[in-house]
Amino acid sequence: MINFAQKYRPQNLKDILSQDNLVGENGIFRTFIAKNYFPHTILFGAAGCGKTTLARVIAKELELDFYEFNATTIKIDEVRRVIKQYQNALNKPLIFIDEIHRLTRNQEEVLLPFMESGEIILIGASTTNPYYTLSSAFRSRSHSFELNRVKKEDIEALIKKVSKNENIDIDKEAIEYIATSSNGDVRGALNLLESASVVSNKVTLDILKTIRSQALRDGTSQSDSHYNLTSAMIKSIRGSDIDAGLYYLARLINEGESAEYIARRLAIIASEDIGNANPNATNLAASVLTIVSKIGFPEARIPLAQLVVYLASSPKSRSSYEAINRALEMVNNGLFLDIPENILPNSKSYLNPHKFGGFVKQKYLEKELNFYKSLKIGFEKSLAQWLEKIKNS
């Protein structure tokens, strides 16, 4: 049986759909390729938008050997064997890793030296933003590019072309349904056309709806995207609106988002937006992250919902979040203070607070700094009172 998705996979840059900002006449990828250069790259975007296809085309344009792996089944030793083959070669391999967000930290660390040395060109693909799923070390060695959802009109044009080539009789109404219900997923559109053509060479709307009664998940417009729903959930929780938080959680679950991704986002909220106003929020978030990684859906919806309710109900404070940002900004701007002699290792002038009833005044910084500003909200108020008592004891 002919696989339409494979048969009509683009073989060159001009056939890539809806990614003009990357592969159009003035697209950045065209510029890279024209100069025989390509950086380590993470392609992210919705399913079926052409991430794997684009990686293959890049390898073809650069005349590089292409090796494809999936992070869910990858064995690092296999990657090492591929790289070893090119140790004394003039060319380097293009290593493609699908679902790259599923790499473990250890696997990432194994790949980092090869990326650093330039022995390989690495391209990863993910449906999630790498900012939230890959380590900072990995991201600093690569560039991330978001692929657009394939436009409805581009899918319609492709369906017309394939139908003509395959002698399939299909009317305008059926073409529009395939394009609309596929929600930017070219693979999904071609698979639907293929299945319908097996039923009858005359593809009708009724046949299509029998095979696919609803649009593919993840919404029907750009405004319903993964990122907007995630943002809406976060802002609802930050605004203490339990029902809104639960609604957007339900949307994310319904549209196929992974339980681990949702739990990670909630863990960030617990620390960033609640912090020490209710430190137990971080503990609960860590527990939920562990639980959902073990049980998965549908049961994972229960601890996730419990966490959303708890976070939305908690007092909110960004004191710790803003404090570390201030500290990092000062360090990034070149503030490097000498460590006072009294707190250096093996210092004879160090005063151990335990020998002075829990507190003794001594120098910890060469100059006075003030990063942390407690809002004294929730448990932060108790922490401020404790600190005051300690220093006045």
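Note that these values count all heavy atoms, side chains included, but never hydrogens, waters or copies made by symmetry.
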Q) CZ/R9 to OG1/T53 distance, rounded to the nearest 0.5 angstrom? A) 3.5 Å
Q) Nearest 0.5 Å, what's the CG-CD1 distance between L205 and I178? A) 9.5 Å
Q. Closest approach of P303 and V292, non-hydrogen atoms and distance?
A. CG-CG1, 4.1 Å
Q: Could you note down all residue pairs passing side-chain hydrogen bond (donor to acceptor under 3.5 Å, both in side chains) where residues 114-123 supplies at least one of them, sequence neighbours left out?
A: E116-R141, S117-E119
(Q) A side-chain contact here means heavy atoms from C-beta on lying under 4.5 Å apart; do V57 and D15 qualify? (A) no
Q: Check whether any side-chain N or O of N392 sits under 3.5 Å from a backbone N or O of E388 as a donor-acceptor pair, and report yes or no.
A: yes
Q: Compare all side-chain heavy atoms of N106 with those of E109 and state whether any distance is below 4.5 angstrom.
A: yes
**Q.** Hydrophobic cluster partners of I291 (side-chain heavy atoms under 4.5 Å)
**A.** I295
Q) What side-chain hydrogen bond (donor to acceptor under 3.5 Å, both in side chains) pairs are there with at least one residue in residues 341-358, not counting sequence neighbours? A) E341-S347, E341-S349, N342-Q362, S347-S349
Q. Mind checking whether S197 and F4 have side chains closer than 4.5 Å, heavy atoms only?
A. yes
Q: Kindly indicate whether the side chain of Y177, heavy atoms from C-beta on, has any atom under 4.5 Å from the side chain of E173.
A: no
Q: List in chain and number order the residues that pass salt bridge (charged side-chain N to carboxylate O under 4.0 Å, His left out) with R139, two or more places apart in sequence or in another chain; answer none if no residue qualifies.
A: none
Q.
If you define the side chain from C-beta out and look only at heavy atoms, does anything of N201 sit under 4.5 Å from I168?
A. yes
Q.
Evaluate E61 against F38 for side chain to side chain contact (heavy atoms under 4.5 Å, CB included), listing each step before the verdict.
A. CA-CA 11 Å; E61 294 282 346; F38 213 85; over 6 Å; no
Q) Does T204 reach the side chain of D171, with side-chain heavy atoms less than 4.5 Å apart? A) no
**Q.** F69 side, atom CZ; E99 side, atom CD - distance, nearest 0.5 Å
**A.** 15.0 Å
Q: Would you indicate whether the side-chain heavy atoms of F29 and Q19 approach each other to under 4.5 Å?
A: no
Q.
Does E329 form a side chain to side chain contact (heavy atoms under 4.5 Å, CB included) with N333? I'd like the steps, not just the answer.
A. CA-CA 6 Å; E329 182 181 8; N333 288 334; 3.7 Å; yes
(Q) Going by ring-ring contact (aromatic ring centres under 6.0 Å, His included), name the residues that satisfy it together with F66, two or more places apart in sequence or in a different chain. (A) F96
(Q) Quick check on Q6: does its CD atom have over 12 non-hydrogen neighbours (other residues, nucleotides or ligands) under 6.0 Å away? (A) yes
(Q) Contact between H101 and I42 at the side-chain level, heavy atoms closer than 4.5 Å - yes or no? (A) no
Q | Pair listing, side-chain hydrogen bond (donor to acceptor under 3.5 Å, both in side chains) test, anchored in residues 28-50, at least two apart | A | none
Q: Calculate, to the nearest 0.5 Å, the distance between atoms CD1 and CG belonging to I100 and L122 respectively.
A: 5.0 Å
Q: Could you please spell out the steps behind the side chain to side chain contact (heavy atoms under 4.5 Å, CB included) verdict for R251 and M233?
A: CA-CA 9 Å; R251 286 285 303 277; M233 181 183 70; over 6 Å; no
Q.
Please tell me whether E108 and S135 have a donor and an acceptor in their side chains that are separated by less than 3.5 angstrom.
A. yes
Q: Any chance you could measure D273, atom CG, to S314, atom OG, to the nearest 0.5 Å?
A: 11.0 Å
Q: Tell me, yes or no, whether the heavy-atom count around I343 atom CD1, taken from other residues, nucleotides or ligands under 6.0 Å, exceeds 12.
A: yes
Kindly list each side-chain donor-acceptor pair under 3.5 angstrom involving residues 154-161, sequence neighbours excluded, with atom names and distances?
from : atom 1 : to   : atom 2 : distance (Å)
D154 : OD2    : S18  : N      : 3.4
D154 : OD2    : S18  : OG     : 2.5
E156 : OE2    : K152 : NZ     : 2.9

(Q) Run the salt bridge (charged side-chain N to carboxylate O under 4.0 Å, His left out) test against E322 and tell me which residues pass, sequence neighbours left out. (A) R326
(Q) Running the 4.5 Å side-chain criterion over Ile, Leu, Val, Met, Phe, Trp and Tyr, what cluster does F336 land in, apart from itself? (A) V331
**Q.** Test side chain to side chain contact (heavy atoms under 4.5 Å, CB included) applied to L351 and F356, step by step
**A.** CA-CA 8 Å; L351 303 176; F356 296 86; 4.0 Å; yes
Q: Would you give the length of the straight line joining atom OH of Y261 to atom CG of L266, rounded to the nearest 0.5 angstrom?
A: 10.0 Å
Which donor-acceptor pairs under 3.5 Å do the side chains of residues 78-86 make with protein atoms, sequence neighbours left out?
from : atom 1 : to  : atom 2 : distance (Å)
R80  : NH1    : D77 : OD1    : 3.0
Y86  : OH     : D65 : OD2    : 2.5
Y86  : OH     : Y67 : OH     : 2.7

**Q.** Under the salt bridge (charged side-chain N to carboxylate O under 4.0 Å, His left out) test, residues paired with D338 that sit two or more places apart
**A.** none
**Q.** E380 (side chain) donor-acceptor with L375 (main chain) under 3.5 angstrom
**A.** yes
Q.
Checking the side chain of K51 only, and the main-chain atoms of L147 only, is there a donor and an acceptor separated by less than 3.5 Å?
A. no
Q | Selection residues 279-309 - residue pairs positive for ring pair (Phe, Tyr, Trp, His ring centres under 6.0 Å), sequence neighbours left out | A | none
Q) Side-chain donor-acceptor pair under 3.5 Å between K294 and T290, yes or no? A) no
(Q) Has R212 got a side-chain atom pairing as donor or acceptor with G188's backbone, closer than 3.5 angstrom? (A) yes
